[in-house]
Undergrad: 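This is the structure I have questions about; it appears just below.
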Protein chains: 2
Amino acid sequence: MGERRRGADLERAILDAAWSELSARGYSGLTMEAVAERAGTSRPVLARRWDGKAPLTVAAIRQEIAKYPMNVPDRGDLRTELLEFLEQASKRAIGIAAVFTLFSSEYFAEAASVPNDLRAAVVQGNGTMLPAILDRAVQRGDIAREKLVPPVDALLGTLFREYVVMNFSAPPPDLRTAWVDRIFLPLVRAS
Amino acid sequence: MGERRRGADLERAILDAAWSELSARGYSGLTMEAVAERAGTSRPVLARRWDGKAPLTVAAIRQEIAKYPMNVPDRGDLRTELLEFLEQASKRAIGIAAVFTLFSSEYFAEAASVPNDLRAAVVQGNGTMLPAILDRAVQRGDIAREKLVPPVDALLGTLFREYVVMNFSAPPPDLRTAWVDRIFLPLVRAS
DNA sequence: AAAATAAGATGCATTAATGTATCTTGACTC
DNA sequence: GAGTCAAGATACATTAATGCATCTTATTTT
């Protein structure tokens, strides 16, 4: 029986399996055993690559999130771009929610870390899309630079995260529209 | 050696111990054994009262949160009341954060439940303070009723939760002030 | 004072997961 | 085609926590 996977191939398959387990049972329900079985391999193979549940899980989440890159091109209109941004972000909602599955874990207890740190580690440079959109809008004169001050500048991200974390699912389109039209734009629009 | 605790007395002591363990090690690090030892009792005593980790933890969180009742009397001024509301809420921040410590647990996996459901179960009728404050402000004419529409009406609670969950700590006073002055009041103030 | 009840201590079997060592076999390198 | 390396399969010991049963002892009830 041929077909023996190696290196990056194998690694990808294992991370996919880990992601499936994570989605199905959550972090506490994830075992190396189950991941190995689902990936059609065995525990020693996992043990050679990752040090335990936490590193494996982080790797799996990062691979998953990387599948949905954020990219909002210039549409000439802030509102359109913000809605597009939220739509794309919603595609990775489950990945984001999974991060919080790590909450109760040793991860935070040992690392003296808080969820925000983990989030930063997972998204890496991926979190720069919103500032770019807002910058363009300022250039255009759609919004006033002086209104774009903390905590207003990060408001949409904040609302999005809260929803995802509390509901383990993506915010519905009409809620996203309400965020933009009833909250964010009224606050920043040059009046 | 006298002094044998019973009934409600004993129960309170156990829940305090469970809370301490929860704060110190997080949900995944909490064991019936450790709670029993910290409370100066033994596992069978816990087993007779709670069915396992999850129910014990919920009970401990509820007892903790009950120690900081929310009560914002009429101060005649919306801004003052909102700041007071956020200040009181901050006192229970750790309790709220602890709720999310349950994330990775069997709790959500089995109950087909999301964090919002758990939150509702824990706060019970305690979450009605903000609507009351806003109602008063509408009566006074400080804010326009028609601006108090979802998701604006719940905005302060949303911001508060997001901060607590992401940072495992209470928001600092100047951030709370910024939420009120730069975000919430501009949105609802009768213009 | 006697009886009922529940606290507190202890022991044991069970379950679940992990780490690690060993061995065979397939696949890639030179 | 030989040699090397890692995949894949097993096995075993260890650890951690739980459930349950039993027994003693303190406290409350009547």
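Residue numbers begin at 1 in each chain, while the letters A, B, ... track the order of the sequences.
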Undergrad: Would you mind reporting whether Ile183(A) and Pro151(B) have side-chain heavy atoms less than 4.5 Å apart?
TA: yes
Undergrad: What is the distance from CG of Leu30(B) to P of dA17(D), rounded to the nearest Å?
TA: 10 Å
Undergrad: Could you check how far CD of Glu21(B) sits from C1' of dA17(D), rounded to whole Å?
TA: 14 Å
Undergrad: Nearest-Å distance, CE (Met32(A)) to P (dT20(C))?
TA: 11 Å
Undergrad: Could you go through Arg136(A) and Leu78(A), starting from their C-alpha distance and side-chain angles, then the distance that decides it, and tell me whether this counts as side-chain contact (heavy atoms from CB on, under 4.5 Å)?
TA: CA-CA 8 Å; Arg136(A) 284 203 296 261; Leu78(A) 173 61; over 6 Å; no
Undergrad: Rounding to an integer number of Å, can you tell me how far Glu11(A) CD sits from dA6(D) C1'?
TA: 13 Å
Undergrad: List, one per line, each side-chain donor-acceptor pair under 3.5 Å for residues 166-177 of chain A, sequence neighbours excluded.
TA:
residue: Asn167(A); atom: OD1; partner: Asn116(B); partner atom: ND2; Å: 3.3
residue: Asn167(A); atom: ND2; partner: Tyr163(A); partner atom: O; Å: 2.9
residue: Ser169(A); atom: OG; partner: Asn167(A); partner atom: O; Å: 3.4
residue: Arg176(A); atom: NH1; partner: Ser90(A); partner atom: OG; Å: 3.2
residue: Arg176(A); atom: NH1; partner: Pro171(A); partner atom: O; Å: 3.0
residue: Thr177(A); atom: OG1; partner: Pro173(A); partner atom: O; Å: 2.9

Undergrad: Between the side chain of Lys53(B) and the main-chain N/O of Tyr27(B), is any donor-acceptor distance below 3.5 Å?
TA: yes
Undergrad: Measure from CG on Asp9(B) to C1' on dA26(D) and round the result to the nearest Å.
TA: 15 Å
Undergrad: Should the pair Arg140(A)-Asp142(A) be classified as a salt bridge under the 4.0 Å nitrogen-to-oxygen rule?
TA: yes
Undergrad: Taking only heavy atoms on the protein side, list every residue of residues 35-49 of chain B lying under 4.0 Å from any atom of DNA chain D, sorted numerically.
TA: Arg43(B), Pro44(B)
Undergrad: Would the distance check show the side chain of Arg92(B) and the main-chain N or O of Tyr68(B) forming a donor-acceptor pair, the cut-off being under 3.5 Å?
TA: yes
Undergrad: Side chain of Leu10(B) only, please: which of dG8(C), dT18(D), dG8(D) is the nearest?
TA: dG8(C)
Undergrad: Can you measure Glu33(B) atom CD to dG19(D) atom P for me and round it to whole angstrom units?
TA: 12 Å
Undergrad: Round to a whole Å and report the spacing from CH2 of Trp50(A) to P of dG19(C).
TA: 14 Å
